[in-house]
Amino acid sequence: MTTIDDPRPAAAPAANAGTLVPTLGGQYYCDPAIFEAEQDRIFEQMWFCAARGADLASPGAFRKVQVGRESVLVVRGRDGALNAFLNVCRHRGAMLCTEDAGTVNRHLRCPYHAWTYDLDGKLKAAPNLGSLTDANGARISRTEYGLVPVALREWLGYAWVCLADEPPSFETDVVGTVSARLGDADAVENYGVGGLSVGRRVVYDVKANWKLIIENFMECYHCATIHPELTEVLPEFADGLAAQYFVGHGALFGEQVQGFTIDGSAGVDPIPGVSADQDRRYYAITVRPNVFVSLVPDHVIFHRMYPMAADRTIVECDWLYVPDVVERGMDLDRSVELFHRVNVQDFDACERTQPAMSSRAYRAGGVLVPSEHHIGDFHDWVADKVRG
Amino acid sequence: MTTIDDPRPAAAPAANAGTLVPTLGGQYYCDPAIFEAEQDRIFEQMWFCAARGADLASPGAFRKVQVGRESVLVVRGRDGALNAFLNVCRHRGAMLCTEDAGTVNRHLRCPYHAWTYDLDGKLKAAPNLGSLTDANGARISRTEYGLVPVALREWLGYAWVCLADEPPSFETDVVGTVSARLGDADAVENYGVGGLSVGRRVVYDVKANWKLIIENFMECYHCATIHPELTEVLPEFADGLAAQYFVGHGALFGEQVQGFTIDGSAGVDPIPGVSADQDRRYYAITVRPNVFVSLVPDHVIFHRMYPMAADRTIVECDWLYVPDVVERGMDLDRSVELFHRVNVQDFDACERTQPAMSSRAYRAGGVLVPSEHHIGDFHDWVADKVRG
Amino acid sequence: MTTIDDPRPAAAPAANAGTLVPTLGGQYYCDPAIFEAEQDRIFEQMWFCAARGADLASPGAFRKVQVGRESVLVVRGRDGALNAFLNVCRHRGAMLCTEDAGTVNRHLRCPYHAWTYDLDGKLKAAPNLGSLTDANGARISRTEYGLVPVALREWLGYAWVCLADEPPSFETDVVGTVSARLGDADAVENYGVGGLSVGRRVVYDVKANWKLIIENFMECYHCATIHPELTEVLPEFADGLAAQYFVGHGALFGEQVQGFTIDGSAGVDPIPGVSADQDRRYYAITVRPNVFVSLVPDHVIFHRMYPMAADRTIVECDWLYVPDVVERGMDLDRSVELFHRVNVQDFDACERTQPAMSSRAYRAGGVLVPSEHHIGDFHDWVADKVRG
């Protein structure tokens, strides 16, 4: 898509005004070894947005999520808090849950040999457990043989997990990124994202590297070419320079536009906390490594990416509304259709780009035009991570 | 499944009574390089049970079998004996047989250039064969340019083949394993396995490493959890300790049980030679690397595994009965259903375990409870073989 | 198939008369690393026959072709000449064309960001193009940022392309090969291949290495075994020695044969320029690395191979006739059926051979009989190329 998430000053140095600068080389997008390094050093080290908390309503509700190369269970505990664990029994390694989501009855019980874990991960029971001892002959520890825990934080209504032994600062890496983009630590709070309800969810299976999807979201140079509906609603996106606006800038709706819908017609009930200067504007934020947040006055569009292979990424997109709008069954089709169409247009472009990444013509990469220069920072960041 | 094939004394050292001991690390179950080493040093070096001899009734009948990474033909010769060859023409390498089984008419003739081999593998004919000479100008040898032979032994009605240049002792490795488990060299002979008829055959395509299937067969700690029908028929399997019984022990049928059937109803005609102390008992034997034999009074269940990839194994399972039972068309459904259901339950468990083998949670493996300790011997043996 | 394309004297040294000589080892046919070396040093270095020019009738008509590992566009320019380019936008790498063939309207326009190229590859337009500068601050070059050109020659009505930085001599490698085989630089001109029309095209997806397909085409030792219809029409093919005839030799039709058809019935209108000594004869030529040409008095059969993987090759086969024959809609079925059946017979043989290439029985390869000895030259050539 279509974003304006560059926190740098709009006034780039004059010397670079029109310069073409190089991108990453093609191997970054198709070499399985680089993808493995990314899994190891990015997706298994950073805070990764895994699941919508409200999807796990009651104790025992779980969702199975692919985080890097690991299968992770996010589970609602008896105390109402979310926990996350590696989805692996400590006895002989069977997956505890093979379904994508569901609800267990009080415990996580391995269906192979019946090792049974509390919802907080502690080993609760196993056949003959009472007689089992560790190498020193002591009774085995319920914690040591409990499920392997994964760090978890809840924010904006989502469970963010981190597989690192020592997770980085959530406040800096996640909250700080959103604040820096919006220019204000409180700006996102106005939308009350955590209290909204999922009105629609679409899952896209994209045959492209995850970085092509991020790069696409970070620039609007393509908007005039592939997003006719979106540029109708947000006319300034048609000039392709959206990304160079100041920190805190949101793209203004067109004069005749009544709402962020496929035909510019009025949307649904506005989110109560949205401020006057946030009204009739579209804000987009990229939270590395796997989240895009799009804010408009009456809904929030929340993308999570799950990188599956160098050339395949699953994208799950939620459209979030004021709960009452969803409960009353209001018609969301015109609202959802706008960004769904943008998604399809964008992912088609990414899939068309993926095959050329292995060409000799792209061995040294392509070029970034000025309105894409901020993608270079992303490239530098990825290259640093991959080098380790 | 469900076995009791540990030939070691039941009384393990007291010090280890309840200890958890480590398994192989997860890479052993998913690393293609380790699988290749296993193909090289285990399946292509040991005696491998390839085919039921009675399936190849008349001269020219053949079966094509995957042994390690090789396609092997087992062929009934004109003299009535079975022979085995690599399924590769010596001229330009075409496969002689592409069907899984069939019957040729007197010779194995390559369909590409018509090089033709006797059923004992010797080169019989080829276009212009009379004028062909070797590098020294001599007439070419019918043996040197014959099919590449594979060692073959028949036992229990099956053809066992070995790809090693110098095959290990069949008497020690195969016959000896069965004798040691049953405590008596003659015990298996009572079942007359070679003279039984195949009443049913089911082929399972299991998305799991072959070792997970063996380990599952070697312990009964899972029986109470996943095999309700089996533990009904064999109550002692419910305690999970089956594997620690003495050499020669067979699990006793439940008191109300009339036969080894899905509902405990009576089976079919008993095998005549079965002794009084073998009656109403179930014996299980693992013959490395690819066979399980299960003995009950009225039938024998014979599993062969064909490892296809680190995460895929084909299992072919024969239910063998007294020939008259099969010829008269007696109803075998209740008899077959019991172990077929056990197979499905077991293979589901193995498939659920396979995906976790690449998790960081299983990098150092899991643990064996006391009733699984004998699996540690299997692990040591595999690790020795893989190290070469 | 079936060829007689050995330009060496028929009288091989007497000492080798009947000798079996070794082939390439099996790894040459299944090792992905060797296939990659072949892509690098053979298919991406030599002249590769890519497309029939007449398929691209008007300016803007294009065909997308896989050449080695690259996607290449062959495009008819406004001046009527064909050009070839890598199918990669110079901006951020999107494929310009994703369809196999089509026609663009005056320009090649990238559907992602609308960078637009003339049909000769020059960068014509892009959003904000006027303000873009290179690293030195100069206006960017329309050529430097044009599509990456691929060398192209037209001959026999086909576009031959070459990805090498310095293409080898087309006259020596392509034209010279045909002349040497036919014994005369003008012999092929009699057939006016460039002016013929495609009467039928069949595309075969063959699960075999490209070299197995070439080797099959180069020898006739298999003809008696698998080509009953062909040997009926060309009786001398039944002796398997076709390949040892003199330079310039064409196989004579059988006495009762009226045309090169499935049943020997008369063909269609003869090609006007065919000479008296070319009449009633079949000539076959292999042009390395990817072309076979078969000449008969009333049509030409033209095979192009596209190697896709070590064990997969796409073969596109054109049957070419005098234009008037095609325009009048004459019945071509009996004519096409003969070589279509030969193709199917040959590709079945190749697919039957591929699986054995990884067998220990073929580790050191197979053997060539005397009538196949010239394949040894091909093997030496491949081995030299792969060694680099």
Side-chain angles (χ1 to χ4, degrees), chain A residues 32 36 39-40 43-45 64 66-73 84-99 109-117 121 123 125-141 144-150 163-165, chain B residues 14-30 207-209 211-212 215-216 218-227 238-241 244 345-373 375 379:
Chain A
E36 189 155 336
Q39 295 280 43
D40 190 37
F43 299 104
E44 298 175 12
Q45 291 296 328
K64 177 168 73 76
Q66 181 83 6
V67 180
R69 293 158 297 188
E70 296 292 338
S71 175
V72 171
L73 290 180
F85 310 105
L86 295 181
N87 182 17
V88 177
C89 181
R90 299 300 307 277
H91 170 221
R92 297 244 314 277
M95 292 180 81
L96 294 165
C97 302
T98 54
E99 315 76 32
R109 181 175 180 270
C110 180
Y112 194 172
H113 300 87
W115 281 38
T116 301
Y117 304 88
L123 181 61
N128 310 318
L129 177 60
S131 66
L132 300 181
T133 55
D134 66 17
N136 302 317
R139 281 288 168 85
I140 68 170
S141 155
E144 191 186 337
Y145 288 93
L147 297 177
V148 178
V150 173
L163 289 166
D165 293 332
Chain B
N16 294 328
T19 312
L20 298 178
V21 300
T23 68
L24 290 175
Q27 65 173 342
Y28 274 86
Y29 302 85
C30 54
K207 302 290 178 299
N209 188 274
K211 297 188 294 296
L212 292 178
E215 294 159 8
N216 170 277
M218 287 179 74
E219 53 92 358
C220 207
Y221 186 53
H222 67 274
C223 290
T225 309
I226 71 174
H227 296 317
D239 70 8
L241 295 169
Q244 294 191 326
Q345 291 157 344
D346 281 334
F347 300 154
D348 279 355
C350 294
E351 293 190 341
R352 163 185 286 274
T353 303
Q354 181 66 35
M357 295 296 99
S358 58
S359 170
R360 59 174 67 187
Y362 211 74
R363 206 166 282 160
V367 289
L368 300 172
V369 302
S371 62
E372 300 171 320
H373 278 189
I375 295 177
H379 289 166

Measuring from B/Thr19:OG1 to A/Asp134:CG, what's the distance to the nearest 0.5 Å?
8.0 Å
Hey, what do you get for CE (B/Met357) to CE (A/Met95), rounding to the nearest 0.5 Å?
10.5 Å
Mind ranking B/Pro22, B/Ala224, B/Gly366, B/Cys350 by heavy-atom pairs under 4.5 Å with chain A and telling me who comes out on top?
B/Gly366
Counting heavy-atom pairs under 4.5 angstrom with chain A, the leader among B/Gly365, B/Ala361, B/Gly26 is B/Ala361
Less than 4.5 Å apart, side chain to side chain, heavy atoms only: is that true for [X] and [Y]?
{"X": "B/Pro370", "Y": "A/Leu132", "answer": "yes"}
{"X": "B/Val369", "Y": "A/His113", "answer": "no"}
{"X": "B/Tyr221", "Y": "A/His91", "answer": "yes"}

Against chain B, work out which of A/Val148, A/Asn87, A/Thr98 has the most heavy-atom pairs shorter than 4.5 Å and name it.
A/Thr98
Shortest non-hydrogen separation from [X] to [Y] and the atoms involved:
{"X": "A/Glu70", "Y": "B/Ser358", "answer": "OE2-O, 4.4 Å"}
{"X": "A/Arg92", "Y": "B/Glu215", "answer": "NH2-CB, 3.7 Å"}
{"X": "B/Ala356", "Y": "A/Gly93", "answer": "CB-O, 2.8 Å"}

Between B/Arg352 (side chain only) and A/Pro111 (backbone N and O only), is there a donor and an acceptor less than 3.5 Å apart?
no
Check: A/Tyr112 side chain, B/Ile226 main-chain N or O, donor-acceptor pair, under 3.5 Å:
no
B/Arg363: partners by side chain to side chain donor-acceptor pair (under 3.5 Å), with sequence neighbours left out
none
Can you say whether A/Leu147 sits under 4.5 Å from chain B via the side chain, the backbone, both, or neither, judging by heavy atoms?
neither
